[in-house]
Amino acid sequence: MAHDPHAPDAGEAPHHPEEHEHPNWGTYKWVALWLTLITIFEVWLYYIPSFVASKLFIPTLLSMSALKFAIVVMFYMHLKYDHTIFRRLFVGPLIIAILTLVSLLFLFGHLAIRIAS
Amino acid sequence: MHSHHRLRGPAIATLTALTALTLAACTGSAYPNTTFAPHSEFARAIDALWNRLLLLGVIVFVLVEGILLYVILRFRRREGQENPAHVHGNTTLEILWTAIPAVILVFIAVPTVRTIFATQARSTPNALQVEVTGHQWWWEFRYPQYGVVTANELYLPAGRTVNFALKTADVIHAFWIPRLAGKRDLVANRTNYIWFTPDSVTADSVWNGTCNEYCGTSHANMRFRVFTVQPSEFERWAAHQKGPAVYGVAPPAPPPDTGKKGKGARAAAPAPPPAPVDSGFAFSRELMPRYAVPTTPVPTDLSFPDGLTGDPARGRDIYSRSACIGCHTITGNPMSAGVIGPNLTHIASRTSIAGALYPNDARHLALWIKNARKMKPGSIMNTLGKGEYDPIMKLTVTAGGLDDQQIADIVAYLLSLK
Amino acid sequence: MSATAQPHAHHHYTTTGLEHRKIAIWAFIGSECMLFASLISTYLIYKGRSVVGPFPHESWLNPATGQTMKPILNIPVTSQSTFVLLMSSLAMVLALAAVENKGKPVREGAGWWERSLSSSKLWLFMTALLGTTFLGYQAYEFTSFVREGLTIRTNLFGSSFFTLTGFHGAHVTAGVLWLLTLLAIDFKRGLGPKDALLVDIAALYWHFVDVVWIAIFTLVYLIR
Amino acid sequence: MATTAPPQSPPGAYSASEGGIWSWLTTVDHKKIGQLYLYTALAFFVIGGIEAEIIRWQLRAPDQHFVTAEQFNQIFTMHGTTMVFLAIMPLSAAFFNFLIPLQIGARDVAFPRLNAFSYWVYLFGGLWITIPILFGKAPDGGWFGYAPLTTRTWSPGVNIDFWVTGLQILGISSLAAAFNFITTIINMRAPGMSLMRMPMFTWMSFVVQFLLVLAFPVITIALVFLLFDRFFGTNFYNVTAGADPLLWQHLFWIFGHPEVYILVLPAFGLVSEVLPTYSKKPLFGYPVMVYSGILIGFLGFGVWAHHMFAVGMGPIADTMFALTTMLIAIPTGVKIFNWIFTMWGGAIRYTTAMLFGMALVGMFTIGGISGVMHSSPPADLQQTDTYFIVAHFHYVLYGGSIMGIFAGIYHYFPKITGRLMNEPLGKWHFWLNLIGFNLTFFPMHFSGMLGMPRRIYTYGAGQGWEGFNLASTIGALILVVSTSIFLVNFFVSRSRGPVAGNNPWDAATLEWSIPSPPPEYNFATIPTVTSRYPLWDLTHPERTGEIAHSGPKAGEVPDDAGPMHQETERKTAKELGIPMPFPTIKPLIVAAGIVIMFSGLIFGKVLLFGGAIITVVFLYDWLTSPLE
Ligand code: HEA
Ligand code: HEA
Ligand code: CUA
Ligand SMILES: [Cu+2]
């Protein structure tokens with residue numbers, strides 16, 4: 001990386017971008033392994049009819065998907081190591097996107113709130 | 001300070017004008033479609049909410065504009081004044097003007113939420129059911145409890161709750177009778193509901209209704225009429241509308257059953273009874289207030305010879321052989337079972353045609369049949385008059401077209417359908 | 001973005017000390033979140049609303065033949081393509097690491113694997129290759145769906161499925177082209193630490209496309 | 001013209017003669033691009049205004065036939081589309097371009113060529129969507145194009161095709177610009193210019209860029225669906241295939257509501273520059289102004305369905321969206337009060353810019369109050385799709401955005417052109433504008449609540465709407481007069497106004513510390529900022545005494561920076577050794593290629609592929625050629 005000696009924004013806590021080296025093969029291989037294992041586990045669950053029918057199926061799959069998502073973003077995209085500004089640029093929109101998606105599903109009746117009537 | 005007067009003049013004038021207008025708006029007379037003179041519990045609930053909104057809105061308005069004007073006038077720069085106070089903020093004040101609006105909003109939110117749930121609750125089970133179907137650009141009304149199908153004119157018994165089921169045949173429309181209720185959209189693949197109870201005192205009243213969601217070329221021309229009548233009158237009206245067309249002569253030569261089964265065909269299976277004499281109840285045209293009489297001018301490039309009279313029997317024949325039957329139903333005329341256009345079974349009992357755009361009389365009917373697309377831009381009904389230019393097909397109607405005499409005959413037939 | 005552009009960009013003073021283009025790519029990725037959220041929402045909203053088959057997870061009646069047909073999604077095949085795309089991300093980080101460490105001596109006595117880790121060309125190529133493989137899987141999937149009677153016009157499922165996965169596929173395609181450009185530059189003049197930004201932004205884009213697929217795989221393929 | 005100063009040219013004024021038209025076509029200078037935006041957007045504002053006048057002339061009385069139904073529907077659709085996408089957004093963009101780099105002490109934007117590209121895409125896209133009206137084929141689905149009316153089944157003509165493709169093209173422009181400004185603001189601030197020292201216009205623009213970046217992808221997708229439906233036979237809005245027409249509405253308004261804040265926040269920013277300057281006081285409650293802007297932007301993503309209270313979402317959704325909508329009144333109110341208290345105790349100069357700024361505060365409040373009236377769903381059932389709504393949104397759009405933009409134009413005209421606008425004419429413009437505006441739009445509150453639907457090309461007599469419509473039409477005619485005065489003032493002052501000097505208004509921010517118009521490099525020496533009002537630190541230290549001052553830390557300062565100062569000398573970039581980006585025609589060609597590509601959807605595959613090839617080839621060429 002092109003290391004720039006200048007400190008960041010005056011209003012923010014001093015933090016040196018790219019100070020941390022990016023991780024290397026030692027980390028990456030574990031990340032890849034985990035991603036593979038989770039994916040295999042997900043697909044395996046898909047083939048267990050009783051589990052698919054259970055209430056746990058969707059939450060389990062969603063959380064595993066989210067986990068994979070987070071792993072890639074943190075390690076492969078280095079968000080864990082990079083400048084906070086990148087984290088804000090990504091996480092802010094991501095939150096709005098997820099909230100929008102969830103509200104839309106509510107509005108179209110795929111997730112239902114029932115109020116005793 | 002001369003500037004005071006410069007600014008105060010218009011402000012006072014505006015306020016005076018405002019007050020005058022507000023007062024005028026509250027009486028329904030000059031403003032037949034006003035939302036400020038509600039005539040159902042639903043419209044009243046909204047009006048109550050509105051009054052609260054208006055009151056709080058005016059308070060905020062007066063407060064904000066008052067301080068603003070004061071500041072503008074008071075702190076005008078005076079000669080040599082270079083250094084006003086240099087405040088950068090004031091936490092107490094800022095908390096104050098966060099908190100006060102929040103409190104005002106609570107006073108809006110609470111009745112709002114109450115009204116939402118009250119007005120969207122389920123309607124009473126014995127309500128009058130009306131199915132409304134929006135079409136480009138007219139309204140179809142069905143009364144499933146009475147077996148009545150009609151178009152563009154709605155009869156409601158005063159004092160009885162009516163529950164509308166709203167659907168559309170094509171694009172989105174919105175159903176609105178400003179004096180009686182808020183509006184609701186008609187959306188494909190959904191059924192929306194709206195219900196209210198027209199006040200008993202409204203018997204023998206007429207209300208205007210409109211389509212409020214932009215729905216294409218003639219959105220402006222998608223109006224309708226609502227008659228609130230005595231319950232007994234309503235029953236008579238419904239009983240009559242349910243029956244076949246009054247011009248109930250047996251068809252000249254019953255067609256061989258080709259397998260086309262329309263509603264009309266079934267109704268006509270046994271030869272229709274001779275025309276009943278009682279023409280039921282229909283809202284008297286003499287009682288029609290001015291605002292319920294259409295004023296739409298006819299297109300200048302369209303005319304129909306005055307004094308041409310038609311023969312209903314001949315008209316019936318022509319009608320039954322023409323393109324009309326592809327789109328319209330006349331119960332009692334087995335040939336006429338189309339469902340694309342309005343049901344014409346009792347068209348003569350209506351006061352207006354074409355989405356309450358024109359009065360229902362011989363002249364307007366004739367012009368309409370001659371060139372509906374000039375009468376109502378974009379209309380799905382083809383131009384039928386011989387020699388007429390069809391502005392959508394972009395051609396002049398020739399051979400198959402109807403001549404003026406034929407049109408007059410059809411009009412005579414239609415006007416006999418009381 | 002190409003290597004010859006702005007050769008001395010990093011001499012510029014910036015407020016945060018970060019590169020413009022890296023900020024821009026993250027802003028772009030944030031924006032893409034909304035893009036894919038809209039696509040995925042639509043897919044989910046229309047799930048189960050199609051009036052005719054084929055359906056993703058339910059068997060359906062073929063009106064032409066009167067036969068009952070199997071659900072159309074092919075989980076085993078898609079699991080493989082998912083794995084391929086995940087591995088491409090691994091290759092991508094290795095490519096970036098190779099570029100960043102270009103010029104650093106490889107440890108004395110390193111094996112072939114360790115030595116291969118310093119080859120940016122190898123890993124750029126691998127990433128592009130895996131990406132292309134993923135696209136191959138997708139082409140296979142699309143054509144077999146069409147054979148089984150599902151096109152983008154068939155029903156709501158077809159429209160929303162092909163548009164969503166098609167948009168993703170288009171992103172992968174753009175990424176592969178981007179990677180190939182980098183590879184070409186690497187061959188032409190070699191990519192070194194000073195070019196790390198170029199590879200970095202391509203990598204961020206690539207991983208994002210991967211991450212979107214992680215969501216799609218679960219939401220579209222696995223969840224019934 | 002009443003100007004007395006001899007028409008001498010301020011040094012370095014931009015004129016088309018300098019380098020000729022070619023220099024405009026190839027420019028990558030943010031200030032020139034800003035002016036291109038300004039002139040183009042003003043032209044579109046006049047076009048949108050003429051359309052508005054046609055609407056008003058048709059509706060002056062019942063049962064009129066000045067235009068046909070088909071023409072009217074095209075005209076109101078294009079009026080809304082033009083005003084929103086081709087007038088106000090680009091007027092804001094003109095200010096983003098011209099001001100942001102100057103306000104943060106930068107020499108250009110982060111990606112100058114991308115900036116030029118954004119402008120050309122906007123220009124070509126704007127022409128693309130506007131020209132069909134000359135052939136009677138303009139879009140006619142309303143500015144929010146509700147499906148299924150806009151699908152092929154119900155709109156078989158090419159009208160909607162132009163709309164779908166046109167908006168898609170304009171989206172590219174807005175998105176490209178937004179990434180550019182986000183990067184510029186984050187990364188190109190002068191040393192010491194921390195986020196909480198940025199001028200309020202830059203802050204509000206910053207928020208707007210995020211709204212753009214998050215809102216536009218959603219309409220992009222909604223439009224992609226519509227485009228696929230219309231051209232490739234997909235089913236997204238095909239009701240016979242089971243589609244839900246509300247999908248379009250939700251996607252559109254998820255974009256559409258943030259869009260209205262995209263339209264108004266830049267004006268809020270401009271007014272936040274204007275009010276302190278002419279009150280000779282710092283902005284009241286700067287941090288709160290920042291946070292409220294951010295909050296408005298964030299909440300703006302959670303209220304969209306308040307445009308859909310009549311579609312039958314059910315009581316729970318109605319309640320949720322009502323409450324979120326009402327919440328927005330709070331941060332907006334904070335802004336209003338902070339503006340008022342900025343003036344409180346000040347020494348107010350009634351310049352034209354100030355008058356417009358004060359008018360924004362007063363008029364926007366009216367629109368905001370009617371907005372809160374809509375936010376109550378049952379009440380909205382009587383209001384929605386009537387002229388009451390038309391009144392609301394013109395009070396916020398005209399009374400908010402346009403008033404603010406006029407304030408901005410009068411305020412920044414000297415910086416842009418080096419000359420002052422004529423004040424007496426400005427006052428005429430202002431007063432006629434204020435009167436005409438209220439006369440046009442206030443009566444719409446009444447016609448709406450008295451039952452008049454919107455988007456009707458005609459209405460019957462005797463409905464009680466005649467007087468209000470006539471008043472509106474008269475008001476609209478007054479607006480023509482007042483706008484014409486403005487245009488005359490604007491164009492005459494450009495060449496003949498009195499020379500302005502660096503800082504004619506005694507303002508506080510960096511853009512006023514350099515010559516007017518600024519030299520191509522903006523700052524010969526990048527200033528080091530030590531407080532929120534760097535120029536007042538020099539000229540009126542007493543005004544900034546109370547706020548925190550601090551210099552940048554060691555190592556934060558680039559080599560070419562110096563202490564806060566004013567620049568009067570005007571050298572060329574070459575003399576100063578400042579590298580400037582090369583002018584280039586490529587962004588223009590790529591933009592043209594994109595529009596040609598889209599035109600292929602309507603006019604044939606040759607254009608589609610031709611355009612694609614042009615785009616790719618010149619994009620490659622652009623990316624591989626050095627910037628400076
Ligand atoms: C600049 C653009 C802009 C802005 C800023 C706003 C601001 C607001 N809008 Fe508006 N709106 C539009 C542009 C805008 N709107 C447009 C174009 C449409 C119509 C689209 C179409 O259909 O074509 C529309 C339509 C629209 C609707 C849909 C109506 C309908 O179609 O039925 C609603 C409903 O809730 C609404 C609400 C609001 C609210 C609550 C605000 C709030 O943000 C306002 C907040 C401000 C204030 C309230 C004033 C200041 C505050 C105080 C002084 C504090 C004290 C005040 C109180 C406690 C009340 N707007
Ligand atoms: C964003 C900003 C904006 C602005 C500034 C305006 C400005 C105006 N609008 Fe606009 N309007 C909208 C946005 C805007 N509008 C939108 C979004 C809609 C909804 C569309 C829809 O429903 O789809 C709408 C709809 C709308 C309607 C409702 C149409 C309908 O529902 O049928 C009406 C009706 O009166 C109207 C009127 C006006 C008028 C009179 C002005 C005036 O203020 C215009 C004043 C401007 C001028 C007068 C400039 C012209 C100058 C000249 C003509 C000078 C001539 C000189 C030379 C040529 C040298 N508008
Ligand atoms: Cu139907 Cu408008
Ligand atoms: Cu809104």
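A note on names: the letters A, B, ... follow the listed sequences, proteins ahead of strands, and every chain is numbered from 1.
Heavy atoms closer than 4.5 Å to chain D are found in both the backbone and the side chain of B:Glu213. Looking at D:Trp465, only its side chain comes within 4.5 Å of chain B, counting heavy atoms on both sides. With a threshold of 4.5 angstrom between heavy atoms, B:Tyr193 does not approach chain D through any atom at all. Both the backbone and the side chain of B:Asn90 have a heavy atom closer than 4.5 Å to some heavy atom of chain D. Within the 4.5 angstrom heavy-atom criterion, atoms from both the backbone and the side chain of B:Asp170 approach chain D. Interface residue B:Leu49: only side-chain heavy atoms are found under 4.5 Å from chain D.
B:Ile72 and D:Tyr350 make their closest contact through O-OH, 2.5 Å (heavy atoms, listed as atom of the first residue, atom of the second, distance). Closest heavy-atom contact between B:Thr296 and D:Asp63: CA-OD1, 3.8 Å. Between D:Met449 and B:Thr35, the shortest heavy-atom distance links the atoms O-OG1, 2.8 Å.
By the 4.0 Å N-to-carboxylate-O rule, B:Lys183 lies too far from D:Asp385 to be salt-bridged with it.
Side-chain contact, D:Trp154 with B:Gln136: no donor N or O sits under 3.5 Å from an acceptor N or O.
Between B:Trp50 and D:Phe388, the ring-plane angle classifies as perpendicular under the 30° and 60° cut-offs.
The aromatic ring centres of D:Phe341 and B:Trp97 sit less than 6.0 Å apart. In this structure, D:Trp143 has its ring center no closer than 6.0 Å to that of B:Tyr214.
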